[in-house]
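Here is the structure we will look at.
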Amino acid sequence: MPAATNVLAVLRYLGSQAGPVGASVIARDVGLARSSTYDLLQALMDDGFVVHLPEEQKYALGVSAHELGTGYSRQVPLQRIGRFPLSKLVARTRRTAHLAVMHGRDVIYVIEERAPRQRPLVTDLGVRLPAHLTASGRAMLAWMEPAQVAALYPDRDAFTSRLEDGPQTLPELQELLSRIRKAGFSWEQDEITVGFSSVAVPVLDREQYRVASVTLTVANRAFPARAAAARAAGGERTHHERTVRLEDMAKEWVPEVARCAREISRRLGPAG
């Protein structure tokens, strides 16, 4: 490989790891000779792109790499890449859509495209909500490694509650995420705002990493046939009884949400 390609390969590899990595592991996984790996790491350390942790005998990204990444986020933010596809999603569905990213155990909503005549939702621009309760967060959690999810939720205190719904233990969360992976999309029903349900699909970067998610939020009354059936059955309607069937949501909205997520993924760059 040319020297520049080797440097980029090492930086990309370090950026994809959950923690610091030893030089021999870097050499093996990137496919470089060990002597070349040490030379590259030293050059990257000299310029601040990599730091050496002597106690662990491992390497991690340095301040210069962070500055380069934040420079990209200032110039070509995810918001700019995602705004047009999200607006097209809203135009096609006439429903409010969001683009969200993970931050620890929370999701942050970086774009809200509100449909005409739709009321404001709690998932407004800049709002943070617990990832395990939202369709947005679940779309990203579902394709994380199980060890990553376990690290984010080490005990019951990590499971904040909003409307006394949603998973409250790690096994409950893992079971839900397993169903989401099988379905290919995530959902929440009346767990963030009573009377509203959401579906979400993850956005992938060029390394196939889930960097964001696209979510469509639908008022449960958007399914009049189901509401009419509930009225015909009589009795008091709780928010659980008003909740639409997941199958209806999947058929009606998921293809459009997935189409939007694929377009944003494409704009983030080709895989490879």
Side-chain angles (χ1 to χ4, degrees), residues 86 95-114 118-203 210-223 238-250 253-254 257-258 260-261:
L86 211 68
R95 300 291 181 267
T96 296
H98 299 85
L99 186 70
V101 298
M102 287 283 293
H103 190 274
R105 288 194 293 266
D106 293 337
V107 290
I108 301 177
Y109 293 89
V110 297
I111 302 179
E112 181 191 53
E113 284 287 335
R114 192 180 304 166
Q118 296 293 306
R119 81 177 210 189
L121 300 170
V122 68
T123 48
D124 202 353
L125 179 65
V127 167
R128 297 171 64 130
L129 287 173
H132 70 287
L133 297 180
T134 65
S136 303
R138 291 168 180 175
M140 291 177 276
L141 288 170
W143 281 274
M144 285 185 180
E145 292 294 328
Q148 289 180 277
V149 176
L152 285 172
Y153 298 93
D155 51 44
R156 293 186 70 95
D157 291 339
F159 291 88
T160 56
S161 178
R162 182 174 172 82
L163 296 175
E164 298 184 357
D165 284 327
Q168 292 300 307
T169 66
L170 183 60
E172 289 178 3
L173 177 60
Q174 289 173 329
E175 191 276 333
L176 173 60
L177 298 181
S178 176
R179 289 194 286 130
I180 288 170
R181 285 191 296 273
K182 184 176 180 179
F185 68 96
S186 64
W187 60 87
E188 65 85 11
Q189 298 179 277
D190 297 294
E191 294 170 71
I192 297 300
T193 302
V194 173
F196 287 84
S197 299
S198 300
V199 290
V201 174
V203 172
R210 275 74 185 171
V211 294
S213 62
V214 173
T215 305
L216 195 74
T217 299
V218 181
N220 294 341
R221 57 181 168 74
F223 293 81
T238 67
H239 77 270
H240 292 290
E241 292 169 330
R242 291 197 305 270
T243 297
V244 299
R245 291 191 308 137
L246 184 60
E247 294 86 350
D248 294 335
M249 294 178 64
W253 308 114
V254 169
V257 177
C260 179

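Since this is a predicted model, take the numbers as computed values, not measurements.
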**Q.** Residue pair Val203, Leu99: steps toward the side-chain contact (heavy atoms from CB on, under 4.5 Å) verdict
**A.** CA-CA 9 Å; Val203 172; Leu99 186 70; 4.2 Å; yes
Q) If you measure from OG on Ser198 to CZ on Phe185, what distance do you get to the nearest 0.5 Å? A) 12.0 Å
Q: Write down the atom of Ile180, the atom of Ala142, and the distance for their closest heavy-atom approach.
A: CG2-CB, 3.6 Å
Q: Evaluate the criterion side-chain hydrogen bond (donor to acceptor under 3.5 Å, both in side chains) for residue pair Thr134 and Glu188; output intermediate values, then yes/no.
A: CA-CA 6 Å; Thr134 65; Glu188 65 85 11; over 6 Å; no
Q) What closest approach, in Å, do Pro202 and Arg210 show between heavy atoms, and which atom pair accounts for it? A) CB-CG, 3.4 Å
**Q.** Minimum-distance pair of heavy atoms, taken over all atoms of Leu216 and Ala97
**A.** CD1-CB, 3.9 Å
Q. Hey, does Arg138 have a side-chain heavy atom less than 4.5 Å from the side chain of Leu176?
A. yes
Q.
Can you give me the closest heavy-atom contact between Leu129 and Tyr109, atom names plus distance?
A. CD1-CE1, 3.9 Å
Q. About how many Å separate CD1 of Ile192 and OG1 of Thr217, when rounded to the nearest 0.5 Å?
A. 9.5 Å
(Q) A side-chain contact here means heavy atoms from C-beta on lying under 4.5 Å apart; do Arg156 and Thr169 qualify? (A) yes
Q: Check whether the side chains of Thr215 and Ser136 place a donor and an acceptor atom closer than 3.5 Å, and report yes or no.
A: yes
Q. Are Met102 and Val107 close enough that some pair of their side-chain heavy atoms sits under 4.5 Å apart?
A. yes
**Q.** Contact summary for Met249 and Val199, nearest pair of heavy atoms
**A.** CE-CG1, 3.4 Å
Q: Locate the shortest heavy-atom distance separating Glu191 from Gly166; write the atom from each residue and the value.
A: OE1-CA, 3.4 Å
Q) When rounded to the nearest 0.5 angstrom, what is the spacing between OG in Ser186 and CH2 in Trp143? A) 7.0 Å
Q) Would the number of heavy atoms belonging to other residues, nucleotides or ligands and lying under 6.0 Å from CD of Glu247 be above 12? A) yes
Q. Are the side chain of Thr96 and the backbone N or O of Arg114 linked by a donor-acceptor pair below 3.5 Å?
A. no
**Q.** Check against side-chain contact (heavy atoms from CB on, under 4.5 Å), Trp253 and Val218
**A.** CA-CA 9 Å; Trp253 308 114; Val218 181; 3.6 Å; yes
**Q.** Listed once per pair and sorted, the salt bridge (Lys or Arg N to Asp or Glu O under 4.0 Å) pairs that draw on residues 175-187, sequence neighbours left out
**A.** Glu175-Arg179
(Q) Determine whether Val254 and Trp187 satisfy the following criterion, side-chain contact (heavy atoms from CB on, under 4.5 Å), listing intermediate values before the conclusion. (A) CA-CA 10 Å; Val254 169; Trp187 60 87; over 6 Å; no
Q) Can you tell me if His132 uses its side chain to pair, donor with acceptor, with the backbone of Thr160 under 3.5 Å? A) yes
